[in-house]
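Hydrogens, waters and symmetry mates play no part in the numbers below; they use all other heavy atoms, side chains included. Not measured: the values here are computed from a predicted model. Residues: numbered from 1 along the sequence shown.
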Amino acid sequence: MRKVFIFLIASIINIAAFAQESFLIGGDNFDVLNDLTVSEDFAIYSTNLNIKNSIYLQNLGEITSNVFVCDGCRLNVQNSGIMSGDISLGEHSELVQVIKMNSDITQMNVINSDYSILIQGGELVNLSDVLPISGGTSKIVLDNTVILIDNVTSDTTVRNITPRNVELLGNVKIKLNNSNDLDGAVLLSNVSGDGAVTVDVYGLDPLYNAMVERRDGDIYLKIYRETDYQKLLGDSRGEFINNLRTSSPYNPTIRAIDRAGSISEIYGILGKSVILNPINLMHPIKLFNEFENTKFSEIKNRRKSESVSAIIEPIYIFSNGLSMYAAKSTIINTTRNFLFSISGYGGYFNVSDDINEYSGSFYGGDIRVKYDNKYMWFDNKFGYTKSNFNAGTILEDNTVINNPQGNMIYGFSNIGVKFRYDGFYLSPYVGFGSTQESVAHEYDSSVFGDIGCVFGFNVMNMGLLYRYSAFINSQTDKIISGGLKMEVWSIDDAAGGSLIYQVIQDEIGLSNKISFNLKFSF
């Protein structure tokens, strides 16, 4: 009777839909002839579970039994539940642990033979979680699957965390959660099979491409930096860079782009480059006019209420990568409390830094009207500068042009008050200004406010008036400037000169100006 009962139970177990209909407890020997699925709400408790044929066993629930696989049979086990007991293999039999999702990564106790792990399916499986359960395996088979390899380091690669043997079938994608410093790392060792492998690196900068190389039975990671800038940028700038890279490989902008380590760094270079952002050609011109607009307020040097003065001023301006030589001449007419002046200037400059290399010349002029009494002053200035650039080929509005010209219009108004005490004076002021620049068809304009202070003291000695002064100025467009001035004026000769040093901190960095002017009245 007992044998009949066991036979009936075993017959039920062997049907394909067993897991949806059965919950069995007890028994000594159960023979399994067909594929078996145990649902998560079901369990098998027996002394021995005998696999009598090559089958597929999927366990979502619980199997508490010693499993015996018949000679020459193959058992595929997909286990995301609980399997208690030992698994024993017969002669020439084979055990394959199938992993289709991370929940299938469970430990099995195989006591007398190696077995293999088959990772299969489209769900991402973390290989680092598989490796701890693979100590008894002969190989890991990757079959049309996606695997994640984490904790990769460039110095140790992954030789110490990959399985001894890997077989590739179909299309295998490897995902890495590391950066582009892993070029040359070993991803898989002792590889067999004819499967194709691709790689996807999380967080890899768009400037780089990840590929794999199969060499001497190992899979290596190869990181390639993209040099096709048309492909990378996807616009006319990329085509222009590619062409210039061929015709002028030593152009500083091209060399800076080729040295860039990220796409954001490339965009930063594009923003500073003059050949790809032509309005930047105006930086030296704007700097010259900034120095002139933030200079010391002229003090009327006269003995009579009316006079005409002339100033001749050579100028040298320099900063990191910039040198500029210019000269300026000014005619000043003072009538009572008013000062009228007209100036003309011209010069040339050279720029050579890590990104840009170009030169140019400029000329222009300004007019100025100032009201100045004992207690306050009001100063207005307007000017225009024309420039010619020797920049070679540049890209402007998707059009390639050569050596463009530039224009700048500028003006400012300041109002200040005066405080005097025994030769010392202090004059704080506020004001505003505006600029408009253009190169070819590109324009840039700004309106800014400023606040500053001029201070100093005067000393008379043997008919000579010595003036020592300084100023500091801050603008809302984040330009800060300051300077020192020493002036000597001969009362009897109505002539003198000044030595001036100024600094400006603006978008191109810290710049310096040194000038010496000669002034005389008649």
Side-chain angles (χ1 to χ4, degrees), residues 97-105 107 114-229 231-232 256-267:
Q97 182 176 3
V98 180
I99 296 175
K100 294 187 176 182
M101 58 192 72
N102 284 288
S103 60
D104 295 333
I105 304 174
Q107 184 73 52
D114 289 340
Y115 66 101
S116 59
I117 292 178
L118 171 64
I119 302 177
Q120 188 179 56
E123 183 172 322
L124 179 66
V125 173
N126 191 335
L127 186 61
S128 297
D129 293 336
V130 175
L131 297 176
I133 69 167
S134 65
T137 62
S138 58
K139 65 179 177 180
I140 291 180
V141 181
L142 304 178
D143 180 12
N144 288 294
T145 189
V146 182
I147 61 169
L148 170 66
I149 302 179
D150 58 7
N151 300 320
V152 182
T153 58
S154 58
D155 53 347
T156 62
T157 69
V158 292
R159 282 189 180 274
N160 296 328
I161 62 172
T162 51
R164 293 189 300 273
N165 295 289
V166 177
E167 182 179 356
L168 302 176
L169 302 176
N171 296 313
V172 177
K173 175 174 283 191
I174 299 175
K175 289 184 176 289
L176 302 173
N177 58 355
N178 302 91
S179 61
N180 58 356
D181 61 352
L182 299 177
D183 183 36
V186 179
L187 300 181
L188 299 173
S189 298
N190 301 321
V191 175
S192 62
D194 57 0
V197 182
T198 57
V199 66
D200 182 15
V201 180
Y202 290 128
L204 184 65
D205 192 278
L207 186 56
Y208 298 90
N209 293 318
M211 304 177 65
V212 295
E213 181 180 275
R214 189 166 176 173
R215 186 173 72 248
D216 297 329
D218 294 335
I219 300 293
Y220 293 85
L221 175 66
K222 300 296 294 182
I223 302 293
Y224 293 94
R225 188 189 184 281
E226 183 61 71
T227 56
D228 184 348
Y229 295 107
K231 175 182 176 182
L232 186 66
I257 291 174
D258 283 343
R259 288 194 303 265
S262 66
I263 188 65
S264 61
E265 189 176 343
I266 284 183
Y267 281 119

Asker: If you look at every heavy atom in Y115 and I133, which pair is closest and at what distance?
Answerer: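 Heavy-atom minimum between the residues: OH-O, 3.2 Å.
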Asker: With a 4.5 Å cut-off on side-chain heavy atoms, are R214 and L168 touching?
Answerer: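 They are in contact (side-chain heavy atoms under 4.5 Å apart), so the answer is yes.
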Asker: So does N126 get a backbone contact from the side chain of N102, meaning a donor-acceptor N/O pair under 3.5 Å?
Answerer: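 Yes, because the side chain of N102 sits within donor-acceptor range (under 3.5 Å) of the backbone of N126.
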Asker: Under a 3.5 Å distance rule, please check whether N209 uses its side chain to pair with a backbone N or O of E226 as donor and acceptor.
Answerer: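 Here the side-chain-to-backbone pair does not exist.
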Asker: For the side chain of N171 and the backbone of N144, is there at least one donor-acceptor N/O pair under 3.5 Å apart?
Answerer: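 Flag not set: sc N171 to bb N144 has no pair under 3.5 Å.
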Asker: Where do A210 and I223 come nearest, in terms of heavy atoms and distance?
Answerer: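 Between these two residues, the closest heavy atoms are CB-CD1, 3.9 Å.
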Asker: Evaluate the side-chain contact (heavy atoms from CB on, under 4.5 Å) criterion for residues K222 and D183: first the C-alpha distance (whole Å), next the side-chain angles of each, then the deciding distance (0.1 Å), finally the verdict.
Answerer: CA-CA 5 Å; K222 300 296 294 182; D183 183 36; 4.0 Å; yes
Asker: Start with the C-alpha gap between I174 and L188, add the side-chain angles, then the distance that decides, and say whether side-chain contact (heavy atoms from CB on, under 4.5 Å) holds.
Answerer: CA-CA 10 Å; I174 299 175; L188 299 173; 3.9 Å; yes
Asker: Of all heavy-atom pairs between P132 and S128, which one has the smallest distance, and what is that distance?
Answerer: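 The pair with the smallest heavy-atom distance is CD-O, 3.1 Å.
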Asker: For D104 and V98, work out which heavy atoms get closest and say how close.
Answerer: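 Looking at all heavy atoms of both residues, the shortest contact is CB-O, 3.9 Å.
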Asker: Test side-chain contact (heavy atoms from CB on, under 4.5 Å) on L187 and L176 and set out the steps.
Answerer: CA-CA 10 Å; L187 300 181; L176 302 173; 4.0 Å; yes
Asker: Looking at side-chain heavy atoms only, is the closest gap between L127 and I119 below 4.5 Å?
Answerer: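 Yes, close enough: below the 4.5 Å cut-off.
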Asker: Should Y208 and V201 count as side-chain neighbours, where that means a heavy-atom distance under 4.5 Å?
Answerer: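 With C-beta onward as the side chain, the pair stays apart.
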Asker: Regarding E167 and K139, does a basic nitrogen lie under 4.0 Å from an acidic carboxylate oxygen?
Answerer: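 Looking at E167 and K139, the cut-off is met.
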Asker: Do the non-hydrogen side-chain atoms of Q97 and L118 ever get within less than 4.5 Å of each other?
Answerer: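 Heavy-atom side-chain distance check fails, nothing below 4.5 Å.
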Asker: Where is the tightest heavy-atom contact between L142 and I147, given as atom of each residue plus distance?
Answerer: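 Residues L142 and I147, closest heavy atoms: CD1-CD1, 3.8 Å.
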Asker: Taking atom CE as the centre, does M101 end up with more than 12 heavy-atom neighbours from other residues, nucleotides or ligands that are less than 6.0 angstrom away?
Answerer: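 Result for CE/M101: enclosed.
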Asker: Indicate the atoms forming the closest heavy-atom contact of I263 with P206, along with that distance.
Answerer: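 Shortest heavy-atom separation between I263 and P206 comes out as CG2-CD, 3.8 Å.
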Asker: Answer yes or no: is there a side-chain heavy-atom contact under 4.5 Å between V212 and V172?
Answerer: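 A side-chain contact under 4.5 Å is absent here.
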Asker: Whether the side chain of N165 engages the backbone of S138 through a donor-acceptor N/O pair (distance < 3.5 Å, no angle test) should be reported.
Answerer: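 Checked: pair present.
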Asker: Would you find more than 12 non-hydrogen atoms of other residues, nucleotides or ligands less than 6.0 Å from K173 atom NZ?
Answerer: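 No.
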Asker: Is there a side-chain contact between R225 and L207, using heavy atoms and a 4.5 Å cut-off?
Answerer: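 With C-beta onward as the side chain, the pair touches.
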Asker: Going by heavy atoms in the side chains, are V197 and V191 under 4.5 Å from each other?
Answerer: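 V197 vs V191: side chains apart.
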Asker: With no hydrogens and no angle check, is any side-chain donor or acceptor of S134 less than 3.5 Å from a backbone partner on T137?
Answerer: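 No: the side chain of S134 does not pair with the backbone of T137.
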Asker: Output the distance between atom OH (Y220) and atom CZ (R215), rounded to the nearest 0.5 Å.
Answerer: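 With rounding to 0.5 Å, OH (Y220) is 4.5 Å from CZ (R215).
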Asker: Verify, without hydrogens or angle tests, whether S116 (side chain) and I140 (backbone) share a donor-acceptor contact under 3.5 angstrom.
Answerer: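 Answer holds: no.
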